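The shown structure was predicted, so the numbers you read here are calculated from the model rather than taken from an experiment.
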Amino acid sequence: MFHVSGKPIVGAAEAVTTLRERGHRLRFVTNTTVRTRAAIVAELKRLGVDIGEDELQTTAAAAVHLLRGRRVLALTMPSVIEDLDGLDLVGEDADAVLVGGADEGDETGRVFSYMNLARAFSELQAGADLYCLHKNRWWQTSRGPLLDSGAFAAGLEYAAGVEAVVIGKPSPVYFEAALDALDAEPKLTWMVGDDIEADILGAQKYGLRTALVRTGKFRPDDLERSGIAPDIVVNSLAELPDWLERAL
């Protein structure tokens with residue numbers, strides 16, 4: 001919503017500043033699982049986004065809260081391990097298998113190798129529970145759509161005959177945590193995103209109002225096929241402040 005492979009979305013950073021100036025409380029809710037919270041905040045600040053680290057809600061932090069005290073086999077990018085501090089990360093005899101997201105580099109092939117997926121399958125067969133930081137099918141890059149780790153999670157579900165617990169969007173618990181942080185009611189809160197399923201449908205199921213942006217993952221065909229109806233569709237985040245000003 002703010003960038004694609006580091007290239008900024010025009011006007012998005014300025015929109016955040018405008019929303020703050022007009023009195024809106026903000027929470028940045030991400031499914032990004034390949035960089036630490038500090039690295040994400042630093043990247044957004046580099047793009048000109050006015051954000052504090054305490055305003056960013058990540059799936060890794062939610063996983064630590066949920067899985068603390070359990071033995072966890074984590075298939076995640078090494079760059080996010082720092083944010084999993086507090087978990088008992090193990091290579092075998094796990095209580096839980098945690099699947100993170102894919103990245104654009106070669107590390108994805110190593111993390112989701114056959115041997116690692118087979119190890120995860122064995123742990124699930126032995127009774128471990130399956131968790132996903134998210135279950136995205138793909139994400140948008142400067143090279144076009146790239147396969148995300150939801151495909152690997154689905155394969156583990158199929159092979160082991162289990163159902164994964166999704167920690168990030170579209171999990172209702174994730175939206176609940178955001179609303180608690182804002183001390184806000186769902187019907188008075190807007191979820192703004194580019195993912196018709198994780199962002200828009202997930203938020204609608206929790207009672208939030210929704211704004212779909214035509215950037216990043218947005219595809220007109222996906223919107224048409226989904227049958228999901230956002231409250232509004234805007235070309236980018238840059239248009240949202242003025243739309244809200246007129247509507248509210």
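Defined by atom type and a distance below 3.5 Å, a donor-acceptor pair is missing between the side-chain atoms of Y114 and R119.
Counting only heavy atoms from C-beta outward, the side chains of Q57 and R27 approach each other to under 4.5 Å. In this structure the side chain of V72 never reaches within 4.5 angstrom of the side chain of V90, judged on heavy atoms. Using a 4.5 Å heavy-atom threshold, the side chains of L66 and I167 count as touching. Here the side chains of M77 and T33 are not in contact, with every heavy-atom distance at 4.5 Å or above. Side-chain contact between L179 and T189: present, with at least one pair of heavy atoms (C-beta onward) separated by less than 4.5 Å.
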Assess whether side-chain contact (heavy atoms from CB on, under 4.5 Å) is satisfied between V97 and D129, documenting all intermediate values. CA-CA 6 Å; V97 172; D129 298 316; over 6 Å; no
After noting the C-alpha distance and the side-chain angles of D88 and R70, does the key distance pass the salt bridge (Lys or Arg N to Asp or Glu O under 4.0 Å) rule? CA-CA 6 Å; D88 182 12; R70 306 184 68 183; over 6 Å; no
Could you go through the side-chain contact (heavy atoms from CB on, under 4.5 Å) check for K169 and D199 one step at a time? CA-CA 7 Å; K169 298 177 291 184; D199 294 334; 2.8 Å; yes
Could you check E176 against S171 for side-chain contact (heavy atoms from CB on, under 4.5 Å), going step by step and ending with a plain yes or no? CA-CA 9 Å; E176 180 181 18; S171 166; over 6 Å; no
Please walk me through it: do N235 and V213 pass side-chain contact (heavy atoms from CB on, under 4.5 Å)? CA-CA 6 Å; N235 287 324; V213 295; over 6 Å; no
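Judged by distance alone, with hydrogens and angles left aside, the side-chain atoms of R20 form a donor-acceptor pair with the main-chain N or O of D50 at under 3.5 Å. In terms of modelled atom types and a separation under 3.5 Å, the side chain of T108 and the main chain of D103 share a donor-acceptor contact. For the pair R37 (side chain) and L56 (backbone), a donor-acceptor distance under 3.5 Å is present. One N or O on the side chain of R22 and one on the backbone of P241 form a donor-acceptor pair closer than 3.5 Å. Within the 3.5 Å criterion, the main-chain N or O of D148 finds no donor-acceptor partner in the side chain of R137. Judged by distance alone, with hydrogens and angles left aside, the side-chain atoms of T36 form a donor-acceptor pair with the main-chain N or O of A39 at under 3.5 Å. Remark: side-chain polar atoms of D231 are paired, donor with acceptor, to backbone N or O of T210 under 3.5 angstrom. Of the possible polar contacts, none joining the T76 side chain to the G100 backbone as a donor-acceptor pair under 3.5 Å is found. No donor-acceptor pair closer than 3.5 Å links the side chain of Y131 to the backbone N or O of V166. Checking side-chain atoms of E123 against main-chain N and O of A128 turns up no donor-acceptor pair under 3.5 Å.
Cation-pi geometry between K217 and W139 is not satisfied (NZ or CZ under 6.0 Å from the ring centre, within 45° of the ring normal).
With rounding to the nearest 0.5 Å, the separation of OG in S236 from CD1 in I9 is 7.5 Å. From L208, atom CG reaches atom CD of E185 across 11.0 Å, with rounding to the nearest 0.5 Å. The line from CG of L47 to NZ of K7 is 12.5 Å long, rounded to the nearest 0.5 Å. Here the OG1-CG distance, from T59 to L133, works out to 4.0 Å after rounding to the nearest 0.5 Å. Separating the OG atom in S142 from the CD atom in E104 is a distance of 5.5 Å, to the nearest 0.5 Å. Between atom CG of residue L75 and atom OG of residue S113 there is a gap of 8.0 Å, rounded to the nearest 0.5 Å.
Under a hydrophobic-cluster definition in which Ile, Leu, Val, Met, Phe, Trp and Tyr are linked whenever side-chain heavy atoms come within less than 4.5 Å, directly or via other members, L19 and I51 are assigned to the same cluster. Linking Ile, Leu, Val, Met, Phe, Trp and Tyr residues whenever their side-chain heavy atoms come within less than 4.5 Å places V34 and V111 in a single cluster. One hydrophobic cluster, built from ILVMFWY side chains closer than 4.5 Å, holds both F112 and L130. Cluster annotation: L73 is not connected to V165 through the hydrophobic network of ILVMFWY side chains, with a link wherever side-chain heavy atoms come within less than 4.5 Å.
Counting heavy-atom neighbours within 6.0 Å of E53 CD, excluding the residue itself, gives a total above 12. Within a 6.0 Å radius of CG in D106, other residues, nucleotides and ligands contribute 12 heavy atoms or fewer.
Between E55 and K45, no side-chain nitrogen of the basic residue sits less than 4.0 Å from a carboxylate oxygen of the acidic one, so the salt-bridge criterion is not met. Electrostatic pairing of R35 and E43 counts as a salt bridge here, judged by a charged N lying under 4.0 Å from a carboxylate O. Electrostatic pairing of R219 and D194 does not count as a salt bridge here, judged by no charged N lying under 4.0 Å from a carboxylate O.
Taking every heavy atom of both residues into account, V29 and A178 meet most closely at CG2-CB, 3.8 Å.
A ring pair (Phe, Tyr, Trp, His ring centres under 6.0 Å) check over residues 181-215, counting only residues at least two apart or in different chains, returns the pairs W190-W243.
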